[in-house]
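Note on naming: letters A, B, ... go to the chains in the order of the sequence lines (proteins, then strands), and numbering restarts at 1 for each one.
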Number of protein chains: 2
Amino acid sequence: MKAKKPYNCGIGPAFEVIGGKWKAVILWELHVQPRRFGELKRLLPGISEKMLIQQLRELETDGLVNREAFHEVPPRVEYSETKLGATLNAALGPLADWGDRYAKRVEAARKKADG
Amino acid sequence: MKAKKPYNCGIGPAFEVIGGKWKAVILWELHVQPRRFGELKRLLPGISEKMLIQQLRELETDGLVNREAFHEVPPRVEYSETKLGATLNAALGPLADWGDRYAKRVEAARKKADG
DNA sequence: CGGAATCCTTATTGATACTG
DNA sequence: CAGTATCAATAAGGATTCCG
C-alpha cells in the first residue's frame, strides 16, 4: 500500500495508512486495550513476527500507535493507540458493522446453497 | 486481498471486498452516478484497463456493483452501485472524512517542515 | 521477551498489443 | 467502446534463524 494513489476523496489517504492485511485488526486490538508484542502475536493467529513488527512500526510512524518500552528483564514493550488512532478506529466502526452484516449475509447464502 | 484473514470483527470481511488499490474509489465514483467503462477509466488516472475490468468484475460478483450492457453499435456498458454497494459507500463515509482530515494534517506538517 | 536479518514465495498491479 | 490476452515488474507476505 505504498504506491501513489490518484484519489480525490479521503478514501485514498485512509487506505494508505490502514490498508494491507493486518493494520486495521492490529489497531482494533489496541482499541480494546494496550497490548504487548507477544499478546498481539497470540491474538492475531497467522501473523509472522516480521509482519507484526513491520505493521506496528508503520502505524507508529503514521502517529496511530504508541510504543512504550520498559527496560526490564525480561524486556517488555507495550503498544497502545494514540488519540489519532482512536479517531481512526471510530471512523472504522461503521465499516466493521457493515462487514459483520455482510459476513452473515454471505454465510446465510452459503448455508442455503448447501442445503 | 484474497488470503484468508483471521479477523474476529467485521473489518476483515469489509476489507476483503473493498480492499486493494482501486475498489473503494471505483465504488465511490459509482456512488456519484452510474458510469460507463471509458468514463471510469478517465476518472481514475493511472488505472489500466485490465485492473479496471478486474475490479469491476469482483465488485459485481460481491453484489456491490451492477453491470448493464446495451447491445448497440458502438457498444455501451453502464456500471452502477447496487443497494448493497450504497450501504457500503455509506459505511465508507466516516473513513473518507477521516482520510481527508488526515491528509490535510500531513500536508500542513510537511509545509511546516519545509519552511 | 521482543525483536533484527535474510531469503523466499505468492499476490497484486501494470504495460502493451490485440479483438468483437 | 469495451473489453482480452500476455508478459513483466513490484509489492506484500511468510519462514527461518539469530541476537541483546
- Query: Quick one: B/I47 CD1 to D/dA2 C1', roughly how many Å, whole number?
  - Reply: 14 Å
- Item | Distance, rounded to the nearest Å, where B/R57 contributes CZ and D/dA5 contributes P | 11 Å
- Task: Report yes if a side-chain nitrogen or oxygen of B/R67 is closer than 4.0 Å to either non-bridging phosphate oxygen (OP1 or OP2) of D/dG3; otherwise report no.
- Result: yes
- Message: I'd like to know if A/E78 pairs up with A/R35 as an ion pair, taking the criterion as any Lys NZ or Arg NE/NH1/NH2 lying under 4.0 Å from an Asp or Glu carboxylate oxygen.
- Response: no
- Distance-minimising heavy-atom pair for A/L30 and A/L40: CD2-CD2, 4.0 Å
- Task: Let me know the distance between CD of B/E60 and P of D/dA2, rounded to the nearest Å.
- Result: 15 Å
- Task: Check for a donor-acceptor pair, side chain of A/E60 on one end and backbone N or O of A/R57 on the other, with a separation under 3.5 Å.
- Result: no
- Yes or no on side chain to side chain contact (heavy atoms under 4.5 Å, CB included) for B/L88 and A/Y102, after CA distance, side-chain angles and deciding distance? CA-CA 9 Å; B/L88 177 50; A/Y102 182 78; over 6 Å; no
- Message: In whole Å, I'd like the distance from the CD atom of B/Q55 to the C1' atom of C/dT13.
- Response: 9 Å
Between the protein and nucleotides 18-20 of chain D, list every N/O to N/O distance that falls short of 3.5 Å.
none

- note: B/Q54, atom CD; C/dA11, atom C1'; distance rounded to Å ~ 11 Å
- Message: Is the phosphate of D/dG3 approached by B/R76 (side-chain N or O, under 4.0 Å from OP1 or OP2)?
- Response: no
- Message: Can you tell whether the side chains of A/E107 and A/R110 come within less than 4.0 Å, N to carboxylate O?
- Response: yes
- Is B/K50 side chain donor-acceptor paired with the D/dT4 base, going by distance under 3.5 Å alone? no
Show me the donor-acceptor pairs, under 3.5 Å and distance only, between side chains in residues 66-76 of chain B and residues at least two apart or in other chains.
residue, atom, partner, partner atom, Å
B/R67, NE, B/Y79, OH, 3.4
B/E72, OE2, B/R76, NH1, 3.1

- Message: Does C/dG3 have OP1 or OP2 under 4.0 Å away from a side-chain N or O of A/Y79?
- Response: yes
- Item | Side-chain N or O of A/R36 closer than 4.0 Å to phosphate OP1/OP2 of C/dC1 | no
- Note on the structure: B/K41 NZ to D/dA2 C1', in whole Å, measures 9 Å
- Note on the structure: A/L84 and A/T87 have their tightest heavy-atom pair at O-OG1, 2.5 Å
- Find the distance B/L56:CG to D/dT4:C1' and express it as a whole number of Å. 15 Å
